[in-house]
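Residues: numbered from 1 along the sequence shown.
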Amino acid sequence: MHRPTVFNNLTTNLQSPDSPLPLDNLVILGDFNYSFISTNRTLGLIGEWSRLLSSHFTNCLSIKSDNYLLPTFFHAVAHHPPTIDHIFASHSLAQTVQLSSVEYMSPTWTDHCLLTTTFNLKASTPIGKGTWRANPIFTTHESYQRALAIHLTNLHPHLNGLTPIAQWERIKVSPPPSLLHPRIDWYNKLISHLQHEFVTISQLRSGTQWMENSEKSPKYLAAKLRSRQTQQMMHEFQNPTSEDFADRSDDTYTMKRYAATFYQKLFDTEPVDQTSIDSLLRHITPSHQHQLTTPFTINDLITQSDRCANNSSPGLDGLGYPFLSLVFSHPLIAPIALQIYNSALIGNGFPSSWQDITMRLLPKKGDLGLLKNWRPISLINCDAKIFTRLINARLAPIAAIGLLLDQEKAYDRIHPSYLAQTLKSFGIPSSFTDMLISLFFSNWVQNHYCYPS
């Protein structure tokens, strides 16, 4: 269709009383295929459209910047790259614009630039801030590795006078250095590289590990993310103590109370038969005591952190395995980390953050008003998971009981009394047993819910 005809039809439809699109709450964006900042024939043919934009809308790229002057289209036939892509927002929405940008795109993807505008709007679907503090891709950059090393070196003198546990907690909460230098040169090759990383990040957020025909369309990834968020919304819960299907509530406070009741009952320890325990444990003999209490080495810590997947979700501290691997490798910080792990090994206590767990509920099939149709996933701080992996690696060769000491899976269904007696029958030192019981059965679990506003 002829361009003037398209814009004139848009003008007529938007100004119609029957239009479902409110002019005071609307964003118009895309490839307009003409420029507002240079004289051209099209402007003279779409006067009504231009007047509509000027009277009801603001060019977002002109707010707090001169980005509206930047070219947005690069093509071999365009000797002077024009500005033909635009983002317009209703005047009321334009007041909430925080920033806008025009970014060059890899020519293998498109000949248009990427236009971005950030609005400060109240979310209608709160999903929480998440736990990631930084992208694990950062740790693969040599510049970031150097910046982190300098950051830890500068932090080390400020740790004097603190206990080892307090030192470790201070290291974890200290702000990590920024990856980006304040005066980065945005060369086209670098931008193309960063854009491929952005696709990887989007895949991580959308939970997509494989896509048909290597599909990496931003629209596809955004749709996957929205679908994932919608599926995780909790609109109402049935009272877990009632058999009445109609006994439900969409009140946020009541839903939290229902969830707390349901999971408190689910994870409460059940009574055990002491006679049966004694019968089972007659066949277990002690062994390998020295192996269990041998101090860890820094290589043990680094090896465990390197073995875990880089995209494994962190706990409440937001630090993934790649960051811990770099921290463990720092010559000034490594002795502190080693002291923390070896003190915990002999039962001299461990950081309180190791017992802070956030539980995320993921939807299963069936009626999502029933809490049993939500699968709980525990997110534990990665430094704590490294410790449990080290312990499990030492217990596994001794007996199958080691396979049960996975803090992410079955420990919450084992009775602490049975576990303590089982470990004692193996000849495991009492201090080691007390440490395990304290670590596994004194956790503070924080539920992470998604409610509609």
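Between the CZ atom of R170 and the CG atom of L155 there is a distance of 6.0 Å, given to the nearest 0.5 Å. Here the CZ atom belonging to F57 is positioned 9.5 Å from the CZ atom belonging to F88, to the nearest 0.5 angstrom.
No donor-acceptor pair under 3.5 Å is formed between the side chain of S90 and the backbone N or O of L93. Side chain of S325 to backbone of S305: no donor-acceptor contact under 3.5 angstrom is found.
Here the closest non-hydrogen pair linking P71 and V102 is O-CG1, 4.0 Å. Considering every non-hydrogen atom in both N67 and S65, the closest pair reads ND2-OG, 3.1 Å. Across all their heavy atoms, H330 and A149 have their closest contact at NE2-O, 3.1 Å. When all heavy atoms are compared, the tightest approach of T110 to M105 is CG2-CB, 3.6 Å. Among all heavy-atom pairs drawn from M255 and S249, the shortest one is CG-O, 3.5 Å. The minimum heavy-atom distance linking A384 with I380 is given by the pair CB-CG2, 4.0 Å.
S242 and N239 share no side-chain donor-acceptor pair at under 3.5 Å. Side-chain polar atoms of T297 and D300 form a donor-acceptor pair below 3.5 angstrom. Judged purely by distance below 3.5 Å, without hydrogens or angles, the side chains of S343 and N348 never pair a donor atom with an acceptor atom.
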Open item on the list: Between S353 and K172, does the side chain to side chain contact (heavy atoms under 4.5 Å, CB included) criterion hold? Intermediate values first, please.
Closed with: CA-CA 10 Å; S353 62; K172 292 208 300 177; 2.9 Å; yes
- [ ] Check the pair T58, I63 against side chain to side chain contact (heavy atoms under 4.5 Å, CB included), reporting the backbone distance first and the verdict last.
- [x] CA-CA 8 Å; T58 300; I63 300 175; 3.9 Å; yes
Open item on the list: Applying side chain to side chain contact (heavy atoms under 4.5 Å, CB included) to R257 and F262, what does each step give before you reach the verdict?
Closed with: CA-CA 9 Å; R257 182 164 54 84; F262 179 83; over 6 Å; no
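By the 30° and 60° cut-offs, the orientation of the rings of Y341 relative to W354 is tilted. Using the six-membered ring where Trp is involved, F328 and W168 have ring planes that are parallel, under 30° apart on the 30 and 60° scheme.
Aromatic ring centres of F74 and Y104: separated by under 6.0 Å.
The closest side-chain heavy-atom distance from L345 to T294 is not below 4.5 Å.
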